[in-house]
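What follows is a single structure, written as structure tokens, with notes after it.
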Number of protein chains: 2
Amino acid sequence: MFSIGELSKRTKVKVPTIRYYEEMGLLAPPERTAGNQRRYTNDGLERLSFIRHARDLGFSIDAISSLIELQNHPDRSCEAATEIAEGQLSEVRAKIKRLKALENELKRIAQGCDGRGVAEDCYVLASLADHDLCGRDH
Amino acid sequence: MFSIGELSKRTKVKVPTIRYYEEMGLLAPPERTAGNQRRYTNDGLERLSFIRHARDLGFSIDAISSLIELQNHPDRSCEAATEIAEGQLSEVRAKIKRLKALENELKRIAQGCDGRGVAEDCYVLASLADHDLCGRDH
DNA sequence: CTTGAACCTCTAGTCACTAGAGAGACTACA
DNA sequence: TGTAGTCTCTCTAGTGACTAGAGGTTCAAG
């Protein structure tokens with residue numbers, strides 16, 4: 001049995017965030033001391049590690065809820081879990097694609113100006129003002 | 001002189017978003033009709049195109065504010081503009097790097113399970129529960 | 001002059017937290 | 001047992017960049 005501060009230290013999840021997860025229904029409300037303070041067991045620790053790991057991988061609170069629901073019913077098909085993971089994967093891939101396009105455009109814009117002129121002639125500002133100066137769409 | 005709806009159509013920025021930009025100080029408050037409706041000129045159109053383009057490239061409202069400030073003083077050095085663009089570029093690169101790590105991890109996790117088993121044996125769930133199953137840190 | 005679309009302001013909601021106030025509880029040491 | 005100091009409690013409000021909706025007013029076409 002350990003306090004919320006201890007749980008926070010072990011999982012590296014901040015104390016208010018732990019309380020937030022509880023409020024959102026991700027983390028079961030733990031036991032309380034006579035003085036109303038939360039006391040966790042290893043169960044809580046494992047659950048929170050799971051949540052943190054999933055958050056680190058970019059899963060939404062909603063997605064994590066579904067995954068936990070599944071965890072609580074070990075006999076169910078895990079199809080949903082695979083779907084959620086694959087959905088997340090394609091979201092990540094889409095983001096990468098988009099960011100790479102941005103990277104190219106920004107590289108081009110930033111290289112166009114050495115920062116030594118005045119704003120009037122600045123290629124950065126001109127590029128932003130006139131989309132036609134862009135190599136391709138974004 | 002055209003209405004906010006017309007401006008919205010031409011720039012593809014939604015009406016409430018235009019009002020929001022005005023509130024945030026990005027867009028100068030335009031003239032109004034006798035009945036208090038906004039009426040824009042080409043100036044407003046150009047300004048909004050600039051903002052939209054910058055937002056599309058991921059610049060924050062704050063960064064855009066600085067860029068506009070600079071635009072309004074064409075005699076100033078454009079060093080700040082180049083810095084902002086370069087800052088944005090390195091942020092984008094950092095995001096790409098992180099997302100690529102996530103992509104690898106998610107790929108590994110998603111491939112570990114075909115979704116045909118039950119939750120108890122699901123590799124997706126197991127991987128999330130146990131960070132040690134991860135190839136590398138993230 | 002009427003109709004109906006577009007416009008106005010204001011408030012509240014989104015996501016996943018983060019910050020702070022003010023009060024109460026716990027623990028270590030004397 | 002007293003007390004100092006840290007931890008914890010709940011509650012409210014703020015973040016960024018919008019989005020949604022209510023309830024009311026104005027505009028332009030016919």
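In what follows, chains carry the letters A, B, and so on, assigned in the order in which the sequence lines appear, proteins first and then strands, with residues in each chain numbered from 1. Note that this is a predicted model, so its numbers are computed, not measured.
Partners of E91(B) by side-chain contact (heavy atoms from CB on, under 4.5 Å), not counting sequence neighbours, listed by chain and number: Q88(B). Judged as a salt bridge (charged side-chain N to carboxylate O under 4.0 Å, His left out), and not counting sequence neighbours, E83(B) has no contacts. Under the salt bridge (charged side-chain N to carboxylate O under 4.0 Å, His left out) criterion, E120(A) pairs with no residue at all, not counting sequence neighbours. Residues meeting the side-chain contact (heavy atoms from CB on, under 4.5 Å) test with S60(A), sequence neighbours left out: D62(A), A63(A). In this structure, the side chain to side chain donor-acceptor pair (under 3.5 Å) partners of Y123(B), at least two apart in sequence or on a different chain, are R108(B). For E103(B), the salt bridge (charged side-chain N to carboxylate O under 4.0 Å, His left out) test picks out R93(A), with sequence neighbours left out.
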Heavy-atom contacts, protein to nucleotides 12-27 of chain C, under 4.0 Å, summarised as B (base), S (sugar-phosphate only) or - (none) per nt, yield ----BBS-----BSS-
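Contact detail for I61(B) and M24(B): the closest heavy-atom pair is CG2-CB, 4.5 Å.
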Would you give me the side-chain donor-acceptor pairs under 3.5 Å for residues 38-46 of chain B, sequence neighbours excluded?
residue, atom, partner, partner atom, Å
R38(B), NE, E22(B), OE1, 2.8
T41(B), OG1, D43(B), N, 3.3

Please table the atom pairs, donor to acceptor, closer than 3.5 Å between any side-chain atom in residues 111-118 of chain A and protein atoms at least two apart or in another chain.
residue, atom, partner, partner atom, Å
D114(A), OD1, R116(A), N, 2.9

Validation: residues 3-16 of chain A side-chain donor-acceptor distances under 3.5 Å, sequence neighbours left out:
residue, atom, partner, partner atom, Å
S3(A), OG, G5(A), N, 3.4
S3(A), OG, E6(A), N, 3.3
E6(A), OE2, R10(A), NE, 3.2
S8(A), OG, V13(A), O, 2.8
T11(A), OG1, L7(A), O, 2.7
T11(A), OG1, V13(A), N, 3.4

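R19(A) comes within 4.0 angstrom of a base, heavy atoms only.
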Under 3.5 Å, N/O pairs linking protein and nucleotides 12-15 of chain D:
none

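Of the residues in residues 81-92 of chain B, none lies under 4.0 Å from DNA chain C by heavy-atom distance.
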